[in-house]
Chemist: 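This structure is in structure tokens; I'll ask about it shortly.
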Amino acid sequence: MYGSAMMHIGTLVVIFIHYDLMCSLKDDVKRITAKEGNTVTLQPEVHALEIDAQILWSFNQNSKDPKIVNSQVFKGEINTEYSGRLKDRLLLDRNTGSLTIRNITTRESGIYRLHIISERISYWHFNCTVYAPVSAPNISRGHSHSNTKTAKSRTWSGAETQSSSNTSCQVLCSAKNDRQVSLSWFRANQLISQTSSPDVNTTLSLRLDIDEKDNTVYSCVSANPVSNDTTYLNITVMCMNQKDPSMSKRQYPIFLLPLGLSATIAIVAVGMCVKKKREYNISRSTGGHPSD
């Protein structure tokens, strides 16, 4: 008797699922966004259900077995059956008909349908989109290029020196692309550039040209509808060492000149001391006096 009743109930489930397939998508669809790994609750607008109501949840009607929850009352006992690959992560609230999905993944994005069968049939559609957390942006050095202005000046000794200013620094921000990910540069709190791509197999990248003496806070932000991550630019680390190699080579003699002069003076002084000591030792051995 029980097996026959369950067979009829299973037939009812199939009938209502096929009926739902023929329903127009003009019905209201509740849209939900979620971050991968979180817990999501699909909540119909129901305050309280009748005790003997049958609750049917299905996911992605195109699959072979879309039914994921079948809960009903039989001979005064509640029988709730979870099925499909989600069954170990589902929890039904029979008081409201809401369905909780734990540790949701991007594979669980899609259409969820709820049928509540009591004195009348009610149904709801939920369009759930699950996004993976964005990756942290990575800031690296770009191709350095000089945009300098040279000024001449004279030191107190009359020597002519040259100094440069307004050196341009180029940095590159990159992040892993995914669905609806954007990559942006901010100057303080102001958006200055942004990029995105529908090709999730590409890496997003965004260049920034700044003055190495700029002390404004720059940040690169990767974001999608449910998460964001920020990396701040350290201008000192990224830009202060981006000098023109040819300029550095020409400056080497200037920096080495004081060192070489000091070394020469030290060598001469040591030589004179050695010479004096040698003359002193000779004069003592001959009984004379050291020469001046």
Side-chain angles (χ1 to χ4, degrees), residues 1-133 178-180 224-227:
M1 179 69 179
Y2 179 77
S4 177
M6 292 303 294
M7 183 179 298
H8 286 297
I9 290 170
T11 304
L12 269 177
V13 170
V14 173
I15 290 173
F16 281 111
I17 288 176
H18 281 281
Y19 168 77
D20 187 60
L21 280 171
M22 295 185 291
C23 286
S24 169
L25 290 179
K26 292 180 180 179
D27 300 322
D28 291 338
V29 177
K30 187 174 182 180
R31 300 187 181 278
I32 296 175
T33 58
K35 183 166 69 172
E36 189 172 41
N38 284 359
T39 297
V40 176
T41 298
L42 308 179
Q43 177 70 60
E45 297 177 357
V46 177
H47 297 293
L49 294 179
E50 296 179 11
I51 297 177
D52 60 347
Q54 182 178 7
I55 303 173
L56 304 173
W57 276 97
S58 61
F59 170 59
N60 280 353
Q61 298 294 143
N62 294 329
S63 62
K64 293 182 180 180
D65 187 12
K67 178 172 60 69
I68 56 175
V69 178
N70 181 14
S71 180
Q72 57 194 318
V73 177
F74 185 76
K75 292 184 177 181
E77 294 185 1
I78 297 174
N79 178 32
T80 301
E81 178 187 358
Y82 300 100
S83 57
R85 58 183 177 82
L86 293 174
K87 64 181 181 180
D88 295 330
R89 293 184 282 129
L90 299 177
L91 180 63
L92 177 70
D93 182 351
R94 274 200 58 90
N95 293 322
T96 62
S98 64
L99 181 66
T100 298
I101 308 170
R102 297 184 299 270
N103 193 24
I104 197 166
T105 70
T106 55
R107 294 179 61 194
E108 276 87 67
S109 293
I111 302 295
Y112 292 79
R113 291 174 171 83
L114 166 64
H115 288 85
I116 298 177
I117 306 168
S118 55
E119 293 181 355
R120 62 188 184 90
I121 301 174
S122 303
Y123 54 91
W124 290 263
H125 294 168
F126 298 84
N127 187 352
C128 183
T129 305
V130 184
Y131 297 89
D178 209 330
R179 183 168 49 179
Q180 295 186 35
N224 64 14
V226 298
S227 64

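Scope of the values below: all heavy atoms of this structure, side chains included, with no hydrogens, waters or symmetry mates. This one's a predicted model, so the numbers in the text were calculated from it and none came from an experiment.
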Chemist: Could you tell me the separation between the OG1 atom of T39 and the CG atom of N103, rounded to the nearest 0.5 Å?
Modeler: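 These two atoms lie 7.5 Å from each other.
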Chemist: Checking the side chain of T96 only, and the main-chain atoms of Q43 only, is there a donor and an acceptor separated by less than 3.5 Å?
Modeler: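 Not confirmed, T96 side chain does not pair with Q43 backbone.
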Chemist: What verdict does the side chain to side chain contact (heavy atoms under 4.5 Å, CB included) test give for R107 and R85, after you've listed the backbone C-alpha separation in whole Å, the side-chain angles of each residue and the deciding distance to 0.1 Å?
Modeler: CA-CA 11 Å; R107 294 179 61 194; R85 58 183 177 82; 3.5 Å; yes
Chemist: Show, in sequence, the C-alpha distance, side-chain angles and deciding distance for N224 and D178, and conclude whether the side chain to side chain contact (heavy atoms under 4.5 Å, CB included) test is met.
Modeler: CA-CA 9 Å; N224 64 14; D178 209 330; over 6 Å; no
Chemist: Enter the distance from D52:CG to I117:CD1 here, rounded to the nearest 0.5 Å.
Modeler: 11.5 Å
Chemist: Heavy atoms only: give me the nearest Q54-N70 pair and the separation to one decimal.
Modeler: NE2-OD1, 3.1 Å
Chemist: Can you tell me if T129 and T33 form a side-chain donor-acceptor pair at under 3.5 Å?
Modeler: no
Chemist: In terms of side-chain geometry, is the basic nitrogen of E50 or R120 positioned less than 4.0 Å from the acidic oxygen of its partner?
Modeler: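 Answer for the salt bridge query: no.
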Chemist: Apply side chain to side chain contact (heavy atoms under 4.5 Å, CB included) to the pair I32 and Y112, showing each step before the final yes or no.
Modeler: CA-CA 11 Å; I32 296 175; Y112 292 79; over 6 Å; no
Chemist: Which distance, rounded to the nearest 0.5 Å, do you find between the OG of S109 and the CG of N60?
Modeler: 9.0 Å
Chemist: Listed by chain and number, what are the side chain to side chain donor-acceptor pair (under 3.5 Å) partners of Y131, not counting sequence neighbours?
Modeler: Q180
Chemist: Could you give the distance from CD1 (I68) to OH (Y82), rounded to the nearest 0.5 Å?
Modeler: 10.0 Å
Chemist: Distance only, no hydrogens: is a donor on one side chain within 3.5 Å (strictly under) of an acceptor on the other, for S71 and R94?
Modeler: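 Indeed, the side chains of S71 and R94 share at least one donor-acceptor pair under 3.5 Å.
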Chemist: Nearest 0.5 Å, what's the CG-CD1 distance between L99 and I55?
Modeler: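 Reported value, rounded in 0.5 Å steps: 10.0 Å.
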Chemist: Would you call R89 and E108 a salt bridge, taking side-chain N to carboxylate O under 4.0 Å as the test?
Modeler: yes
Chemist: Rounded to the nearest 0.5 Å, how far does SG of C128 lie from CD1 of I104?
Modeler: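 Result: 4.0 Å between the selected atoms.
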Chemist: V69 pairs by side chain to side chain contact (heavy atoms under 4.5 Å, CB included) with which of L92, L86, L114?
Modeler: L92
Chemist: Answer yes or no: does atom CD1 of I51 have more than 12 heavy-atom neighbours from other residues, nucleotides or ligands under 6.0 Å?
Modeler: no
Chemist: Check for a donor-acceptor pair, side chain of W57 on one end and backbone N or O of G97 on the other, with a separation under 3.5 Å.
Modeler: yes
Chemist: Start with the C-alpha gap between D93 and T100, add the side-chain angles, then the distance that decides, and say whether side chain to side chain contact (heavy atoms under 4.5 Å, CB included) holds.
Modeler: CA-CA 8 Å; D93 182 351; T100 298; over 6 Å; no
Chemist: Is a side-chain N or O of R113 found less than 3.5 angstrom from the main chain of L56, in a donor-acceptor match?
Modeler: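 Looks like no, no N/O pair under 3.5 Å.
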Chemist: Without swapping roles, check the side chain of R179 against the backbone of A132 for a donor-acceptor pair under 3.5 Å.
Modeler: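 No, the answer is negative, given that no donor and acceptor are paired below the 3.5 Å cut-off.
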